[in-house]
Amino acid sequence: MVTPTYRKRLTSLLTPAERRLFARLDRPHKVQTFLDKMPANFSIDGDTAMSPRRMLKEKVAHCSEGAVFAVAALAFHGRRSWLIDLRALPSDSDHIITVFQERGLWGAISKTNHPVLRWRDPVYRSPRELVMSYVHEYCLPGGKKSLMEYSRPFALTRYAPERWLTPEDDLDWLMLALDEAPHLPIAPQASLKLQRRSTAFERDAHNRTEWPDPRPKKTAGKAS
């Protein structure tokens with residue numbers, strides 16, 4: 001559990017409206033539903049790493065912003081959760097999820113604009129077992145499987161809540177810390193090279209999006 005002192009400190013930073021919102025998000029699946037309804041952040045004016053407060057103001061989110069928000073919402077209720085960085089090939093995008101435990105089993109909250117890399121029910125016996133459930137669907141447009149490594153569960157509670165809950169500045173320092181945290185390989189390189197490519201049918205399903213990309217097609221990229 002999040003310590004009472006840390007929880008009180010986090011709560012004290014919230015506005016009345018933020019407290020009312022967080023109070024409603026008392027289960028991981030409710031946090032996921034809230035994030036699913038949040039439009040995707042396409043970073044039209046440049047890359048962002050918004051704090052939960054700024055995310056709520058802007059009313060958009062991508063994977064890392066959704067993940068940090070999920071940690072905040074669960075911490076408000078005294079529940080522990082952690083970030084995990086899913087590291088892909090350099091030609092693909094990394095993805096960040098929030099993992100939590102229920103009855104000793106692990107699940108994940110995930111903000112994405114695609115049909116894949118989404119929520120995981122808490123049925124996994126370990127963080128690694130959960131992460132491995134993303135391997136098959138993590139692929140490049142040509143079908144090459146691209147997930148390479150994952151970080152150990154990363155606790156935001158190691159930092160004062162003032163540093164990540166409410167700042168107006170981007171949380172670039174946090175993204176760097178997560179990127180530099182120890183990562184573990186999905187499998188030996190020799191095994192990764194033998195992975196079968198996704199079929200055209202699978203790729204067609206992967207390419208669907210929930211929120212339309214407002215950018216011109218020639219500049220639009222893959223949003224998390």
Identify, with sequence neighbours excluded, every residue that meets side-chain contact (heavy atoms from CB on, under 4.5 Å) alongside [X].
X	value
P39	V60, W211
E102	R27, P28, R79, F100, P122
L176	E180
V135	M132, L147, I186, Q195

Return the set of residues passing ring pair (Phe, Tyr, Trp, His ring centres under 6.0 Å) with [X] (not counting sequence neighbours), or none when no residue passes.
X	result
Y134	none
W164	none
W173	Y159

Got a sec, which residues hit side-chain hydrogen bond (donor to acceptor under 3.5 Å, both in side chains) with T3, two or more places apart in sequence or on another chain?
none
Sort and list the pairs that fulfil salt bridge (Lys or Arg N to Asp or Glu O under 4.0 Å) and have at least one residue in [range], not counting sequence neighbours.
range	answer
residues 40-53	E18-R53
residues 119-134	R120-E137, R125-E129
residues 148-164	R9-E162, R87-E149

Using distance only, find each side-chain donor-acceptor pair of residues 69-77 under 3.5 Å and give its atom names and separation, not counting sequence neighbours.
{"from": "H77", "atom 1": "NE2", "to": "F22", "atom 2": "O", "distance (Å)": "2.6"}
{"from": "H77", "atom 1": "NE2", "to": "L25", "atom 2": "O", "distance (Å)": "3.3"}

